[in-house]
Amino acid sequence: MSLYCGIAYRRKISQGYRLLSTYVTKARYLFELKEDDGACKKAQQAGAFYLFHSLAPLLQTAEHRYLVPRFSLLASLPKSEVETELQGSFIELRKAIFQLNSMDSSLLFTAQALLRWHDGHQFCSKSGQPTRKNIAGSKRVCPSNNIIYYPQMAPVVITLVSDGTRCLLARQSSFPKGMYSALAGFCDIGENMEEAVRREVAEEVGLEVENMQFSASQHWPFPNSSLMIACHATVKPGQTEIQVNLRELEAAAWFSYDEIATALRKKGTYIQQQNEAFPFLLPPKLAIAHQLIQEWVEKQTCASLPA
Ligand SMILES: NC(=O)C1=CN([C@@H]2O[C@H](COP(=O)(O)OP(=O)(O)OC[C@H]3O[C@@H](n4cnc5c(N)ncnc54)[C@H](O)[C@@H]3O)[C@@H](O)[C@H]2O)C=CC1
Ligand SMILES: [Mg+2]
């Protein structure tokens with residue numbers, strides 16, 4: 001997973017040999033590692049490792065940021081000795097997310113998601129027998145019936161709803177205090193992305209949306225590996241009255257351009273609701289919700305510029 005190959009990969013094509021790009025070389029190499037236990041075992045000897053304890057990665061602290069050390073030698077030591085020896089601590093990934101950079105987080109998210117998946121798929125759901133992991137950890141096989149299990153992600157839609165001048169954000173009671181985010185929800189079986197967006201917005205805030213626009217997607221490891229599919233949407237004209245589904249959300253509200261732009265700049269601010277000031281935080285930069293909010297602000301800024 002964290003292994004890179006510097007070998008130029010030559011492939012015979014009808015006109016002769018073509019030198020493959022670095023990206024293609026890497027993709028082919030990773031494919032080989034997933035398919036070939038022997039090649040993967042060999043690669044492990046020169047590979048770099050992240051350390052986890054109960055799904056928490058070992059991180060080092062430097063100037064209010066977390067660094068993600070990689071190791072080439074592994075020994076079996078108690079947790080506290082590993083922390084002292086390697087000058088780091090095992091920190092819950094959810095807590096570290098505000099202080100990680102995106103290069104580190106992407107591999108850490110994948111690593112944690114894979115570890116969690118293996119931990120939860122030790123047995124075949126048909127035969128009840130223990131399953132066996134391949135060396136790369138890209139699948140598990142049941143030896144009694146050869147069923148292959150692959151790591152899974154659940155598709156989740158996340159939508160930033162706008163009424164043209166304001167955007168709608170909501171919070172669940174489990175969010176950090178004062179944090180508001182875009183509306184998210186798991187896709188139901190049989191649904192496409194558009195149907196999931198319409199249903200989730202209707203379910204959670206009682207509004208109907210149109211003009212959906214796909215923005216980007218992201219792997220998200222919490223709580224169980226989701227593929228976040230992010231998009232923008234607008235409410236139908238005249239439909240702005242929010243009816244919060246309190247089974248799903250603690251609160252939802254429309255936010256003005258100024259409120260959002262200030263919160264983005266200040267990394268947190270206060271908003272006035274019914275004569276009281278509430279802390280108002282946006283999701284961390286690594287979350288795709290943050291990207292949606294940033295895009296919305298940029299779109300509003302462009303729209304207000306003279307033609
Ligand atoms: N990366 C990002 O920017 C953000 C990511 N998220 C992620 O989106 C995910 C979905 O958001 P929610 O509002 O919680 O979803 P949601 O609105 O679908 O509500 C969750 C409920 O849906 C049901 N559910 C249906 N299918 C499920 C499945 N496959 N796994 C678990 N529960 C399922 C359960 O009853 C659960 O309590 C969360 O896990 C959250 O971590 C949420 C906001 C921002
Ligand atoms: Mg939701």
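In listed order, ligands and their atoms are each counted from 1. We're numbering straight along the sequence, starting at 1.
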Minimum side-chain heavy-atom gap P78-E81 below 4.5 Å: yes
The one among R247, Q172, H219, Q152 that brings a heavy atom closest to atom 12 (P) of ligand 1: Q172
Side chain to side chain donor-acceptor pair (under 3.5 Å) between N134 and S138, worked out: CA-CA 7 Å; N134 68 342; S138 58; 2.9 Å; yes
Electrostatic pair K95:E92 at N-O distance under 4.0 angstrom: yes
Is_contact(atom 36 (C) of ligand 1), protein non-hydrogen, under 4.0 Å: no
Ligand 1 contact by Q291, heavy-atom criterion under 4.0 angstrom: no
Residue part near ligand 1, for W220, under 4.0 Å between non-hydrogen atoms: side chain
Option with minimal heavy-atom separation from atom 33 (C) of ligand 1, where the choices are F175, F222, F186: F186
Note, N101 side chain near R65 side chain (heavy atom, < 4.5 Å): yes
Protein heavy-atom partner closest to atom 42 (C) of ligand 1 - residue, atom, separation in Å: A184 CB, 3.6 Å
Minimal non-hydrogen separation, M193 against C231, with atom names: CE-SG, 4.4 Å
Protein heavy atom under 4.0 Å of atom 5 (C) of ligand 1: yes
Contact summary for K126 and Y149, nearest pair of heavy atoms: N-OH, 3.9 Å
Numbered atoms and elements of ligand 1 in range of E204, under 4.0 angstrom, heavy atoms: 17 (O)
Close N or O approach (A289, ligand 1; < 3.5 Å): yes
Check: F255 ring centre within less than 6.0 Å of F280 ring centre: yes
Part of S181 within contact of ligand 1 (heavy atoms, under 4.0 Å): side chain
Whether F222 and W220 hold their rings parallel, tilted or perpendicular, with breakpoints at 30° and 60°: perpendicular
Ligand-residue contact atoms, ligand 1 with E200, heavy atoms, under 4.0 Å: 17 (O), 18 (O)
Protein non-hydrogen atom below 4.0 angstrom of atom 23 (C) of ligand 1 present: no
From H219, Q152, Q112, residue fulfilling side-chain hydrogen bond (donor to acceptor under 3.5 Å, both in side chains) relative to S225: H219
Enumerated ligand 1 atoms positioned under 4.0 Å from heavy atoms of G185: 15 (O), 16 (P), 17 (O), 18 (O)
Shortest heavy-atom approach to atom 44 (C) of ligand 1 - which of V156, I288, I158, V157: I158
Ligand 1 N/O within reach of E248 N/O, cut-off under 3.5 Å: yes
Point-to-point distance, once rounded to the nearest 0.5 Å, from OG of S54 to CZ of F90: 9.0 Å
Heavy-atom side-chain contact between R166 and T240 under 4.5 Å: yes
side-chain contact (heavy atoms from CB on, under 4.5 Å) between L86 and L51, intermediate numbers included: CA-CA 10 Å; L86 302 173; L51 282 186; 3.5 Å; yes
Ligand 1 contact on Q218 by region, counting heavy-atom pairs under 4.0 Å: side chain
Angle at the Mg ion (ligand 2) (to 10°), with one arm to O of A184 and the other to OE2 of E204: 100°
Any N/O pair A287/ligand 1 closer than 3.5 Å: no
Nearest neighbour of atom 38 (C) of ligand 1 from the list P284, P223, S174, A230, on a heavy-atom basis: P223
